[in-house]
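Let me begin by presenting the structure, written as structure tokens, before commenting on it.
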Amino acid sequence: MNPPTAVLASGGMDSCVLLANVAERGVAYPIYVETGIPWEWAEKRMLDNFIQALDNPNIKPVTTLALPVKALYGQSHWTMSGETVPEYDAPDETVYIPGRNIILITLAAIWCSLNDVHRIVIGSLAGNPFPDATPEFFESIANSNGLGLDHDIVVEAPMRHLHKEDILAANASTLPLHLTLTCANPKMACGDGDVIVHCAECNKCRERHEAFVDASIPDNTLYAKPL
């Protein structure tokens, strides 16, 4: 059994799979961090739906923490304006959000120090090119937060050796992955206030669809147009 674990959960496929896997081995505390990005409404709805579908008593109620970053990034940044979202064929580097994991992990670490939790996990995957997703970074931020909070913390990325197609192949038949979001510009389906549609035009939608193709699994994601 794992020790009680704080799981950084965004409603995305990677973090939802991580949450489910952690909950199979111990108590999981899903933590959602609000920063003011325009698609948070869809992430939170998908996360709630996914957890409800799992119906695992090891998953505790979602803890929502908030740190608005508009003053930091500026209204013109695509994560704040919702405009100029990296397009379908944009390179992965264009979706980099400076300091994103620093914010997520630090807020989770403070929560952990107040709730006697010592382990944080994050759903970073293989091939992540960003500087705040390396083993060295995770070890360093765990040490610095632990020192500053006088509270021992480990930060782990248990799926960092896997690609998205790998987690699809391993979990598509057992987890409700249709209740996850991989889109930077989701919409509500016309005439249905409960169905979220992937835009089919952003870098994240391409990442999701290509993972299904690479895993040889039919992609039943509801997209705004055929891919």
Side-chain angles (χ1 to χ4, degrees), residues 1-35 40 43-44 46-67 69 97 99-128 130-164 166-168 170-171 174-177 179-182:
M1 294 290 287
N2 287 330
T5 300
V7 183
L8 287 164
S10 68
M13 184 187 298
D14 310 338
S15 66
C16 282
V17 168
L18 179 60
L19 176 62
N21 291 344
V22 168
E24 288 298 318
R25 300 175 180 84
V27 173
Y29 293 94
I31 293 181
Y32 183 88
V33 177
E34 294 180 348
T35 58
E40 285 178 342
E43 289 185 336
K44 290 186 285 187
M46 286 294 206
L47 178 59
D48 287 343
N49 291 344
F50 183 85
I51 292 173
Q52 184 176 356
L54 288 185
D55 193 28
N56 186 330
N58 278 343
I59 300 179
K60 301 304 180 182
V62 175
T63 294
T64 300
L65 307 176
L67 182 63
V69 297
I97 304 175
R100 174 74 172 169
N101 284 349
I102 295 174
I103 292 170
L104 302 183
I105 292 169
T106 299
L107 289 184
I110 296 170
W111 181 90
C112 285
S113 74
L114 297 171
N115 290 275
D116 197 29
V117 175
H118 296 269
R119 181 176 184 241
I120 301 170
V121 295
I122 188 169
S124 294
L125 301 184
N128 187 316
F130 305 136
D132 58 357
T134 65
E136 295 80 9
F137 167 76
F138 294 135
E139 181 179 3
S140 176
I141 197 167
N143 290 339
S144 60
N145 275 311
L147 181 63
L149 294 164
D150 192 23
H151 181 80
D152 290 338
I153 294 172
V154 296
V155 176
E156 300 174 2
M159 303 190 304
R160 202 178 184 283
H161 62 293
L162 301 172
H163 293 274
K164 195 178 292 288
D166 300 322
I167 66 171
L168 266 171
N171 297 280
T174 57
L175 294 178
L177 298 184
L179 299 177
T180 65
L181 183 77
T182 318

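- N145 places no side-chain N or O within donor-acceptor distance of the main-chain N or O of A109, the cut-off being under 3.5 Å.
- When side chains are defined from C-beta on, M159 counts as touching L125, because their heavy atoms get closer than 4.5 Å.
- No side-chain heavy atom of F130 sits under 4.5 Å from any side-chain heavy atom of I97.
- Taking all atoms of both residues into account, the shortest heavy-atom contact from V117 to P4 is CG1-O, 3.5 Å.
- Side chain of N56 to main chain of N58: a donor-acceptor pair is present (N/O by atom type, distance under 3.5 Å, no hydrogens or angles).
- In this structure, A28 and V7 approach most closely via the heavy-atom pair CB-CG2, 4.1 Å.
- Residues C16 and L177 have side chains not in contact (no heavy-atom distance under 4.5 Å, counting atoms from C-beta outward).
- At least one side-chain heavy atom of L47 sits under 4.5 Å from a side-chain heavy atom of I51.
- The two residues E40 and T35 have their closest heavy-atom pair at OE2-N, 2.5 Å.
- At least one donor-acceptor pair closer than 3.5 Å links the side chain of D132 to the backbone N or O of N101.
- R160 contributes no side-chain N or O that, together with a main-chain N or O of I122, makes up a donor-acceptor pair within less than 3.5 Å.
- Here the closest heavy-atom approach between residue A170 and residue T174 is recorded as O-OG1, 4.3 Å.
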Item to check | Derivation and outcome, side chain to side chain contact (heavy atoms under 4.5 Å, CB included), residues L175 and L54 | outcome: CA-CA 8 Å; L175 294 178; L54 288 185; 3.8 Å; yes
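- Side chain of S15 to backbone of S10: a donor-acceptor contact under 3.5 angstrom is found.
- Listed for the D166 side chain is a donor-acceptor partner under 3.5 Å among the backbone atoms of H163.
- Separation of atoms CG (L162) and CG (L18) is listed at 10.5 Å; rounding is to 0.5 Å.
- With 3.5 Å as the limit, one finds no donor-acceptor pair spanning the side chains of T5 and R25.
- Inter-residue side-chain proximity for Q52 and L179 is flagged as unmet; no heavy-atom pair is nearer than 4.5 Å.
- Using a 4.5 Å heavy-atom cutoff, the side chains of V62 and K44 are not in contact.
- Checking side-chain atoms of S140 against main-chain N and O of E136 turns up no donor-acceptor pair under 3.5 Å.
- Under the 4.5 Å side-chain criterion, counting only non-hydrogen atoms from C-beta, F137 is not in contact with P131.
- Atom CG in N2 sits 10.0 Å away from atom CG in N21 (nearest 0.5 Å).
- In this structure, T182 OG1 and D14 CG are separated by 7.0 Å, a value rounded to the nearest 0.5 Å.
- For the ring pair (Phe, Tyr, Trp, His ring centres under 6.0 Å) condition, the pairs that include at least one residue of residues 102-123, sequence neighbours left out, are Y29-W111, H118-H151.
- Of the inter-residue distances, the one linking T63 atom OG1 with L107 atom CG reads 12.0 Å to the nearest 0.5 angstrom.
- For the pair S124 and F138, the tightest heavy-atom approach, listed with the atom from each and the gap, is OG-CZ, 3.7 Å.
- With rounding to the nearest 0.5 angstrom, the OG1 atom of T106 is 4.0 Å from the CD1 atom of I141.
- Separation of atoms CG (L8) and CG (L104) is listed at 5.5 Å; rounding is to 0.5 Å.
- Within a 6.0 Å sphere centred on CG of D152, heavy atoms belonging to other residues, nucleotides or ligands number 12 at most.
- Of the possible polar contacts, none joining the S144 side chain to the A142 backbone as a donor-acceptor pair under 3.5 Å is found.
- No side-chain donor-acceptor contact under 3.5 Å links E43 to the backbone of L181.
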